[in-house]
Amino acid sequence: MKQVILAVLVLSIFSASSCKKLEGDNQNLVATNQSVFDLMSTKQGSWWMYGNRNDTVFIRYATGKDTTKLGLKYSFYTRRDTITTTTSPEFFGKNEGKYLTLVDLDGNETNYINYVFWYDGKTSWTNDGEYNSGTILGKVIVTISSSIVQTGLTITQNGKTYTNVYHVHSTLKAGALNIDLGTLDIWFAKNIGIIREEADLNALGLYKNKYTDSLINYYIKP
């Protein structure tokens, strides 16, 4: 999900600042409602390998550790690119049926927003984030609107078949004019984790990026 930030960076140059109130389902989360992330394993030794259409491969590792970000407890994972060996942190959590991750808005691993990528029991929800452009434009509001496309899917990819898969579709908009940033689709299965991500990002035609991260293999520590 880190690729999403790039469109935000481009758009911040052109979007007027917004006085919109932050009202998404990712707002006002209560720390005492945070519980153990149970969508995929948090046990150290568990891992998930993903391939990209650009022939890049990365591995997500569970560390078995928790950390606090934005006042909430998150399960801590690491993500390693197998070609560059670059490693970056990832965070996943759960708050009253809201399955969360952190989106890095500036790429410096310091400016995160809580992102509800699945809201159990809901068919649609929104996420609002605030990005400080560092220019005279000030802060830019980013809104991610998500909805369940289908549940109970069976997907076969890379020689493996996954059942009871959920598909979530999201649209991204930014600025006072609600300028389109593109779309993000996520497929996941309980107890396994994220199976595929597809993004189609387009910031005013000045920044374009399409990518697909597909699960190649995984190991769940008993």
Side-chain angles (χ1 to χ4, degrees), residues 1-11 39-41 46-62 77-92 99-105 107 113 115-119 124-125 127 129 142-174 179-220:
M1 298 178 190
K2 293 187 68 174
Q3 291 88 337
V4 172
I5 66 168
L6 298 177
V8 177
L9 295 175
V10 173
L11 241 157
L39 184 66
M40 62 186 180
S41 176
S46 298
W47 54 264
W48 301 258
M49 178 181 289
Y50 295 86
N52 188 283
R53 66 173 62 182
N54 297 322
D55 296 326
T56 62
V57 175
F58 75 88
I59 304 175
R60 173 175 292 133
Y61 296 95
Y77 296 75
T78 59
R79 169 181 173 136
R80 183 174 67 86
D81 187 302
T82 61
I83 297 176
T84 66
T85 69
T86 301
T87 299
S88 56
E90 292 188 318
F91 309 91
F92 291 92
Y99 285 78
L100 306 162
T101 188
L102 293 180
V103 173
D104 182 1
L105 291 182
I113 65 167
Y115 169 50
V116 181
F117 66 91
W118 178 41
Y119 196 161
S124 62
W125 60 93
N127 290 274
V142 180
T143 297
I144 306 174
S145 300
S146 304
S147 60
I148 293 287
V149 176
Q150 198 169 354
T151 63
L153 292 171
T154 297
I155 292 178
T156 299
Q157 65 180 28
N158 299 313
K160 296 182 181 294
T161 298
Y162 306 95
T163 60
N164 296 319
V165 175
Y166 290 72
H167 175 196
V168 175
H169 176 75
S170 299
T171 59
L172 294 80
K173 296 181 182 294
I179 298 174
D180 287 329
L181 290 175
T183 60
L184 175 67
D185 287 85
I186 301 174
W187 289 261
F188 60 87
K190 295 179 181 179
N191 301 320
I192 296 178
I194 296 172
I195 294 171
R196 186 163 75 235
E197 289 183 39
E198 292 184 0
D200 187 356
L201 307 178
N202 189 337
L204 299 176
L206 298 174
Y207 170 80
K208 296 181 180 181
N209 187 21
K210 294 182 70 173
Y211 71 86
T212 300
D213 291 331
S214 298
L215 187 62
I216 300 173
N217 203 357
Y218 67 94
Y219 173 74
I220 306 299

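Sequential numbering from 1 along the given sequence is applied to the chain's residues.
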What distance do [X] atom [atom1] and [Y] atom [atom2] have between them, rounded to the nearest 0.5 Å?
X: Leu172; Y: Thr183; atom1: CG; atom2: OG1; value: 8.0 Å
X: Ser41; Y: Tyr77; atom1: OG; atom2: OH; value: 6.5 Å
X: Trp48; Y: Asn217; atom1: CH2; atom2: CG; value: 12.0 Å

Would you please name every residue forming a side chain to side chain donor-acceptor pair (under 3.5 Å) with [X], sequence neighbours left out?
X: Gln150; result: none
X: Asp200; result: none
X: Thr86; result: Thr84
X: Tyr50; result: Arg60

- Item | Sequence-distant partners of Phe188, ring-ring contact (aromatic ring centres under 6.0 Å, His included), two or more places apart | Trp118, Tyr166
- Message: Going by ring-ring contact (aromatic ring centres under 6.0 Å, His included), name the residues that satisfy it together with Tyr218, two or more places apart in sequence or in a different chain.
- Response: none
Side chain to side chain contact (heavy atoms under 4.5 Å, CB included) involving [X] - partner list, sequence neighbours excluded:
X: Thr78; value: Tyr61, Thr63, Phe76, Thr87
X: Asn164; value: none
X: Ser147; value: Ser124
X: Thr163; value: Thr154

- Message: Quick one, Tyr99 with Val168, criterion side-chain contact (heavy atoms from CB on, under 4.5 Å). Give me CA distance, side-chain angles, the key distance, then yes/no.
- Response: CA-CA 12 Å; Tyr99 285 78; Val168 175; over 6 Å; no
Counting C-beta onward and ignoring hydrogens, is there a side-chain heavy-atom pair between [X] and [Y] closer than 4.5 Å?
X: Ile192; Y: Leu215; answer: yes
X: Thr56; Y: Phe58; answer: no
X: Lys190; Y: Leu39; answer: yes
X: His169; Y: Thr171; answer: yes
X: His167; Y: Asp185; answer: yes
X: Phe117; Y: Leu184; answer: no

- Message: Show the nearest heavy-atom pair for residues Ser146 and Tyr115, with the distance to one decimal.
- Response: OG-OH, 4.3 Å
- Task: Could you tell me which non-hydrogen atom of Ile216 sits nearest to which non-hydrogen atom of Gly51, and how far apart they are?
- Result: CD1-N, 3.3 Å
- Query: Quick one: which of Arg196, Glu197, Met49, Glu198 gives a side-chain contact (heavy atoms from CB on, under 4.5 Å) with Ser214?
  - Reply: Arg196
- Check step by step if side-chain contact (heavy atoms from CB on, under 4.5 Å) holds for Asn127 and Ile113. CA-CA 9 Å; Asn127 290 274; Ile113 65 167; 5.6 Å; no
- Message: Show, in sequence, the C-alpha distance, side-chain angles and deciding distance for Leu153 and Trp187, and conclude whether the side-chain contact (heavy atoms from CB on, under 4.5 Å) test is met.
- Response: CA-CA 9 Å; Leu153 292 171; Trp187 289 261; 4.1 Å; yes
